[in-house]
There are 2 protein chains.
Amino acid sequence: MNKKISIVDIANALNISKTTVSFILNGRAQEKRISEELVKRVLKLVKEVGYKPNSLAKSLRTGKSNIIGLMVEDISNPFFANIARLIEDRAYEKGYRIIYCSTDNDTEKTQDLLTMFQDRHVDGYIIAPPKNIEDDVAALIKSGLPVVMFDRYLPNVDTDYVVVDNQFSTYNATRHLIEQGYSKIAFITFASEQTQMLDRVEGYKNALKEARLKPYLREIDFNRNEELIIEPLTAYLKRNPDFDAVLFGTDHIGTCGLKVIKHLGLQVPADLAVVSFDDYDVFKLYSPPVTAIAQPIEAIADNVISLLLKKLDANHTQTTQKITLSTTLNTRDSSRSMLKVAITK
Amino acid sequence: MNKKISIVDIANALNISKTTVSFILNGRAQEKRISEELVKRVLKLVKEVGYKPNSLAKSLRTGKSNIIGLMVEDISNPFFANIARLIEDRAYEKGYRIIYCSTDNDTEKTQDLLTMFQDRHVDGYIIAPPKNIEDDVAALIKSGLPVVMFDRYLPNVDTDYVVVDNQFSTYNATRHLIEQGYSKIAFITFASEQTQMLDRVEGYKNALKEARLKPYLREIDFNRNEELIIEPLTAYLKRNPDFDAVLFGTDHIGTCGLKVIKHLGLQVPADLAVVSFDDYDVFKLYSPPVTAIAQPIEAIADNVISLLLKKLDANHTQTTQKITLSTTLNTRDSSRSMLKVAITK
DNA sequence: CTGAAAGCGCTAACAC
DNA sequence: GTGTTAGCGCTTTCAG
């Protein structure tokens with residue numbers, strides 16, 4: 001029923017024109033010097049009948065929607081789910097609605113989604129971009145749409161983004177392992193050509209090079225089926241029983257890694273010290289607790305949304321901003337030197 | 001640039017009417033007996049210039065959008081995040097896009113979101129309903145919109161839903177604890193008047209009554225700030241050192257519970273046996289592994305989406321369907337009788 | 001087979 | 001101060 005009431009209906013009911021109603025509803029009554037009394041009558045009727053302007057039509061006309069499109073890699077990944085949630089909250093406070101989608105790191109799907117967002121007249125875009133999406137994003141930006149990226153960025157596209165200092169994070173974590181006396185340190189991560197992964201690999205390698213140690217890098221193809229991650233991981237660890245420490249490149253691979261370690265019956269850190277990127281409950285609750293690189297999720301969300309809101313603001317005369325936040329290495333027993341662990345026991 | 005091309009442009013370019021173009025684009029060329037040659041020319045041009053029909057305008061006209069609105073309680077909760085992801089996948093295969101939002105169990109926010117979905121001409125709704133939303137959902141259904149609920153349902157609204165057998169699940173889990181020799185069994189969960197929670201409490205109570213044991217129910221108010229869950233939980237456990245087992249009502253409270261248990265230095269299951277609703281990595285990886293009630297996430301997602309697609313289908317002459325799926329109790333060491341644990345060691 | 005024209009609900013010049 | 005009117009881009013009846 002509500003749905004059928006249009007601005008015309010309420011204009012007719014009051015014997016005025018829909019323009020007047022439109023002005024009043026859009027807060028331009030003053031400006032248009034519409035009598036207060038009329039304004040009241042209109043507002044009253046609107047309340048009474050529960051009239052809601054059809055925002056679809058509005059968007060069609062204005063090109064604005066108060067909706068922000070958020071594209072994460074995979075909403076079932078805790079990192080993205082948490083960020084999404086925080087961004088949604090912040091946006092909601094400011095009167096924006098968020099609609100999100102998972103890109104699955106699939107370029108085609110992302111393009112498709114981008115198109116959908118675009119002709120849904122989304123006002124702004126927050127994207128964790130998959131590969132090969134440069135052109136599409138560049139086109140978006142060129143046509144004046146506000147875009148903010150996070151988690152990773154596109155080196156060849158000049159746009160605002162919020163990322164963490166991936167390179168330093170793994171450098172620092174690796175150094176920590178070295179300082180604790182480990183020397184055969186593997187880095188196991190997902191194969192990816194995206195900035196965040198490349199940087200993490202880089203940081204790991206740098207730390208090892210500095211200490212004149214040999215790197216052992218294993219990149220596993222991502223797969224939604226966990227078995228297909230666990231299997232090569234198991235094989236790799238079995239094939240290299242002499243590793244004394246391992247650094248996992250993401251929370252997901254870290255979790256899989258723990259399963260493998262548990263299954264193989266390895267003692268942490270005696271047989272193998274462990275550090276993982278991202279810090280979640282699994283790591284905190286594991287025995288022993290796992291050292292982890294914590295990303296500042298709240299700060300990421302805050303920065304992303306305020307960057308976007310700034311761009312959404314009428315006077316967007318600013319240049320692009322690239323924000324790099326730092327992570328925290330939460331050291332726990334999984335990576336302490338075996339000596340110290342023995343002592344504290 | 002793409003954005004500016006409209007159906008008129010392509011009609012003009014070919015010197016035909018936009019009607020013809022529209023027909024061709026909507027696969028009604030045959031029906032309208034448009035020459036194959038023309039069809040080809042149109043399609044070719046469309047490809048060339050990369051014309052995409054503006055779906056906003058299309059929706060305005062047809063009232064259809066091929067978009068499904070999905071409202072979960074909190075997207076950062078793994079249960080909902082996983083379901084959302086699976087539903088998104090299934091829908092995508094069928095040509096539907098999903099837009100999701102978190103209701104936060106906030107009635108007002110949900111109403112607001114519902115309105116947004118509604119005038120975005122969402123084709124169907126998938127909702128994990130918060131309380132006091134009966135009227136709004138009833139109105140939705142009354143106006144002929146397809147609605148499917150999941151995780152919980154509204155007893156007073158006759159609609160399709162997919163839930164799990166909550167009552168039997170906790171009954172079964174509690175019985176398991178009793179069989180393992182535990183007798184002072186607490187049930188700790190979030191305060192809620194929703195069907196899923198009420199059923200879980202009921203199942204727990206029934207099992208205890210059957211065994212003539214006393215129930216110890218503690219309902220904690222939900223809070224986004226984990227501290228405010230951990231604190232009362234800690235207090236409750238400290239106040240009742242004689243509990244020999246505890247059943248947690250959701251994954252979230254289960255995770256918090258583990259933190260508390262770890263912090264208090266309690267041995268599981270010697271000091272306290274543990275079972276939790278929902279089965280996630282944290283429980284599998286904990287030492288000892290935690291017995292958990294696993295919800296059939298894939299089946300829930302499958303059923304939800306196929307129910308909705310069925311309703312979306314033109315001939316929706318069917319009555320409402322209420323689907324209740326069963327859970328699986330994955331028994332692990334956290335709830336084995338202490339005797340057995342000793343033996344297997 | 002194809003085209004003219006109405007209209008989805010709203011906004012914003014432009015007139016009165 | 002208020003009303004008229006022309007679209008936004010598309011679908012669809014109804015005439016040719």
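What you see below is based on every heavy atom in this structure, not just the backbone, and it leaves out hydrogens, waters and symmetry mates. Every chain is numbered from 1, with letters handed out A, B, ... down the list of sequences.
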Does a side-chain N or O of B:Y51 approach OP1 or OP2 of D:dG9 to a distance below 4.0 Å, or not?
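Result: no.
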Counting only side-chain N and O atoms of B:R28, is one of them less than 4.0 Å from OP1 or OP2 of D:dT12?
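Answer yes for this pair, as a side-chain N or O of B:R28 is under 4.0 Å from OP1 or OP2.
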Where A:L308 and A:V147 come nearest, the two heavy atoms and their spacing:
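Distance-wise, the nearest heavy atoms are CD1-N, 4.4 Å.
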How close or far is atom [atom2] of [N] from atom [atom1] of [X], stated in whole angstroms?
X      : N      : atom1 : atom2 : result
B:N15  : C:dT2  : CG    : C1'   : 13 Å
B:K58  : C:dG7  : NZ    : C1'   : 18 Å
A:E31  : C:dA13 : CD    : P     : 10 Å
A:I16  : D:dT4  : CD1   : P     : 12 Å
A:H121 : C:dT11 : NE2   : C1'   : 14 Å
B:L60  : D:dC10 : CG    : P     : 12 Å
A:I5   : C:dC8  : CD1   : C1'   : 17 Å
B:L38  : C:dT2  : CG    : C1'   : 9 Å

Regarding A:S22 and A:R28, is there a side-chain donor-to-acceptor distance under 3.5 Å anywhere?
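Looking only at side-chain atoms, A:R28 and A:S22 do not form any donor-acceptor pair under 3.5 Å.
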Could you pick out which residue, B:A57 or B:I34, lies toward the 5' side of DNA chain C when each is mapped onto its nearest nucleotide?
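Closest to the 5' end, via its nearest nucleotide, is B:I34.
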How do A:K32 and B:T62 order along DNA chain C: which one's closest nucleotide is nearer the 5' end?
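Result of the comparison: B:T62.
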Nearest to the side chain of B:R61 - D:dG3, C:dG9, C:dC8?
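In terms of side-chain proximity for B:R61, the closest of D:dG3, C:dG9, C:dC8 is C:dC8.
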side-chain hydrogen bond (donor to acceptor under 3.5 Å, both in side chains) partners for B:D89, two or more places apart
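A:R224, B:R85.
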side-chain hydrogen bond (donor to acceptor under 3.5 Å, both in side chains) partners for B:K44, two or more places apart:
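Once residues adjacent in sequence are excluded, the partners of B:K44 under the side-chain hydrogen bond (donor to acceptor under 3.5 Å, both in side chains) criterion are B:E48.
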Is there a residue in residues 17-26 of chain A whose heavy atoms reach under 4.0 Å of DNA chain C, and which residues are they?
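Hits under 4.0 Å, by residue number: A:K18, A:T19, A:S22, A:N26.
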Qualifying residues under salt bridge (charged side-chain N to carboxylate O under 4.0 Å, His left out), relative to B:E193, sequence neighbours excluded
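B:E193 satisfies salt bridge (charged side-chain N to carboxylate O under 4.0 Å, His left out) with no other residue.
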Which residues pass the salt bridge (charged side-chain N to carboxylate O under 4.0 Å, His left out) test with B:K131, sequence neighbours left out?
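Testing B:K131 for salt bridge (charged side-chain N to carboxylate O under 4.0 Å, His left out), a comparison that skips the adjacent residues, returns none.
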Would you mind listing every side chain to side chain donor-acceptor pair (under 3.5 Å) that reaches into residues 144-157 of chain A, with sequence neighbours excluded?
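As it turns out, the side chain to side chain donor-acceptor pair (under 3.5 Å) pairs with a partner in residues 144-157 of chain A, which skip direct neighbours, are A:E73-A:R152, A:N105-A:R152, A:R152-A:Q194.
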Counting the atoms with a prime plus P, OP1 and OP2 as sugar-phosphate, which does B:S59 contact under 4.0 Å by heavy atoms, base, sugar-phosphate, or nothing?
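Since no nucleic acid heavy atom lies under 4.0 Å of B:S59, the category is nothing.
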